[in-house]
Number of protein chains: 2
Amino acid sequence: VRLKEIGEFGFIRRISGPALIRRAGVVRGIGDDAAVFQADPAKLLLLTTDLLVEGVHFLRDLPPDALGYKSLAASLSDIGAMGGRPLDAYLSLAIPPDLPVEYLDEFYRGLYAAAAEHDVNVLGGDTTSSLRDFFVNVALTGEVAPDQVVYRHGAQPGDGIFVNGALGDSAGGLEILLNRWPVDTPAAAALWECHVRPHAGVREGQWLAQSGAVTAMIDTSDGLSSDLGHLCEESQVGARVEAAAVPLSDALKQLCAARQREALPLALHGGEDYRLLFTVRPDRTEELAEGYRQTFGQPLYRLGEIRAEPGMELVRDGKVEPLARGGYEHFRSE
Amino acid sequence: VRLKEIGEFGFIRRISGPALIRRAGVVRGIGDDAAVFQADPAKLLLLTTDLLVEGVHFLRDLPPDALGYKSLAASLSDIGAMGGRPLDAYLSLAIPPDLPVEYLDEFYRGLYAAAAEHDVNVLGGDTTSSLRDFFVNVALTGEVAPDQVVYRHGAQPGDGIFVNGALGDSAGGLEILLNRWPVDTPAAAALWECHVRPHAGVREGQWLAQSGAVTAMIDTSDGLSSDLGHLCEESQVGARVEAAAVPLSDALKQLCAARQREALPLALHGGEDYRLLFTVRPDRTEELAEGYRQTFGQPLYRLGEIRAEPGMELVRDGKVEPLARGGYEHFRSE
């Protein structure tokens with residue numbers, strides 16, 4: 001059996017059988033943005049890990065400070081998507097012999113910038129050599145009150161599907177990097193910034209979780225179609241998304257117009273936006289959007305609705321089509 | 001600046017400056033077997049991470065169940081060396097395309113065996129693809145009562161230096177693997193078993209920590225000379241080790257006699273024995289060794305003594321020579 005035949009998620013199902021042998025204190029194991037365990041009656045502890053592999057998740061072309069910043073932002077976003085407060089990061093690096101110390105200094109500069117923005121310590125980890133490729137693993141702890149944690153499961157038919165910002169901007173920045181397009185317009189600069197310094201919605205996630213109106217939440221790390229698929233699977237529901245409601249930034253529209261690209265596929269399937277994707281009880285949507293705007297000065301975007309029937313649909317120009325998961329899945333080959 | 005010019009420990013000093021920005025709750029950050037933070041007044045939480053890189057820490061020749069077992073044992077040993085009880089493991093894997101699923105099944109079989117032995121859950125992690133090499137990162141949490149934690153610092157001049165088992169056996173097993181010697185004698189089988197299924201001294205570490213007689217502790221993952229060096233550095237003391245007191249197993253002596261090798265360098269500098277190396281108040285040594293023997297049916301071995309003067313010395317045949325750190329340090333080239 002080759003991995004590409006069963007895919008990443010098939011592999012995770014295959015190996016996660018005997019994982020839980022001591023249940024006391026464990027609230028949530030494999031299958032959410034972070035693992036959850038009961039530290040004391042008043043507090044849940046969260047732990048998330050993210051592994052970034054050179055040649056798979058990033059290229060050496062990416063500025064090293066951006067890589068450091070993004071490495072921690074990915075984990076911060078996971079904690080935020082549970083409604084949690086991040087605490088301490090643990091960094092494991094496998095460093096190839098040709099990587100200069102100055103590259104690592106820049107990497108740490110970016111990482112510590114993200115840590116300082118979110119009041120997070122870097123407490124330890126492991127540093128080893130690597131034969132060829134650079135590997136970064138971040139483990140991040142967090143905490144949340146038991147009545148404020150939000151999981152991927154919990155979405156109900158009739159709930160609205162919301163996202164807290166434009167989608168596809170990071171994918172636009174990645175196109176700039178991969179095609180070596182110049183960053184010579186305000187639009188290109190904005191997309192580049194979204195790609196190299198993504199905003200982790202930690203405070204936004206805490207606020208949404210505390211509202212009591214959010215029934216399920218995930219962050220968009222793999223891409224809308226993939227992450228909404230995870231949320232639906234864990235909640236055992238389906239979803240219908242309106243193509244016209246998917247928020248596209250002016251910057252992405254301008255870049256796509258100039259380069260003769262379609263923006264919608266980037267927004268549906270592009271990864272690393274690190275937006276919060278969540279579902280809201282139908283009787284609380286207006287109040288929530290108004291409170292969010294007053295608190296953060298930004299709108300929430302309603303993409304569609306949760307349905308009882310499993311599967312995801314996209315409504316485009318009045319026609320309903322299946323919304324296939326187009327995000328990145330490891331091991332799967334087309 | 002190249003990494004090999006400053007070495008692993010120089011690099012850690014270089015980058016660990018701004019790591020701690022929020023001190024509340026943090027008891028110990030970078031610099032011990034595990035990070036330590038105060039969960040509530042009655043409990044310290046521990047977290048350790050270990051990264052294993054193909055071609056650096058292991059070869060594809062190593063049986064995959066052994067790799068899985070060892071990956072978790074390394075972290076279990078870190079928690080034991082703090083006197084802690086391990087709780088939950090988080091596993092990040094970067095998997096190259098040529099690795100069959102059966103290899104991973106075996107890897108998990110070994111990992112889950114170590115988890116079951118120590119009542120540890122595997123709660124999550126990250127699974128991604130890798131271009132070429134297999135990478136394994138384990139993060140492991142643990143807990144310990146505040147009055148029972150033992151650090152690397154705390155050793156005092158006059159304290160005895162002890163280890164809880166023979167040294168060099170895992171290095172003997174590695175020689176068998178690297179030289180493709182047959183495992184056709186009881187001695188070879190015993191050394192092989194030490195290499196592929198090392199015993200993590202978790203219960204032993206807890207017992208030693210609870211005795212109140214142990215002033216500092218570390219596990220021998222890099223090798224005696226290297227790990228005793230860490231303990232001395234953190235305790236700001238020196239050490240004198242008696243060569244004749246370094247415990248060598250009969251199996252190692254037999255293998256070395258048969259293959260015309262010296263056993264002592266393997267015991268002084270060989271890694272991955274995962275023994276507990278610790279210092280004991282001089283007035284408590286006999287009582288501790290007797291209690292340990294009654295509890296675990298094994299002796300403790302006194303290697304030498306802590307001294308006020310910095311540096312490590314080896315007494316061999318009545319002569320005093322410097323004990324250089326011969327353990328593995330990443331990035332350093334000879």
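Below, chain A is the first sequence line, B the second, and so on; all start at residue 1.
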So, the part of A/Thr48 with a heavy atom under 4.5 Å from chain B: the answer is neither

When the 4.5 angstrom heavy-atom criterion is applied to A/Leu45 and chain B, the contacting part is side chain

Under 3.5 Å, is there a donor on one side chain and an acceptor on the other for B/Asp219 and B/Ser77? yes

Please determine, by modelled atom types, if B/Ser170 and B/His195 share a side-chain donor-acceptor pair under 3.5 angstrom. yes

If you tally heavy-atom pairs under 4.5 Å between each of B/Thr141, B/Leu111, B/Leu104 and chain A, the highest tally belongs to B/Leu104

Applying a strict 4.5 Å limit to non-hydrogen atoms, the region of A/Glu143 in contact with chain B is neither

Given B/Tyr103, B/Tyr90, B/Phe135, the one with more heavy-atom pairs under 4.5 angstrom with chain A than any other is B/Phe135

ask   = Is there a donor-acceptor contact under 3.5 Å linking the side chains of A/His269 and A/Ser225?
value = yes

Is the side chain of A/Gln206 donor-acceptor paired with the backbone N or O of A/Gly84 at a distance under 3.5 Å, no angle test?
yes

inquiry  = Under 3.5 Å, is there a donor on one side chain and an acceptor on the other for A/Asp227 and A/Thr220?
reply    = no

Under 4.5 Å to a heavy atom of chain A? For B/Asp105 that would be side chain

Applying a strict 4.5 Å limit to non-hydrogen atoms, the region of A/Asp50 in contact with chain B is both

One should read off an interatomic distance between B/Leu67 CG and B/Tyr69 OH, to the nearest 0.5 angstrom, of 13.5 Å

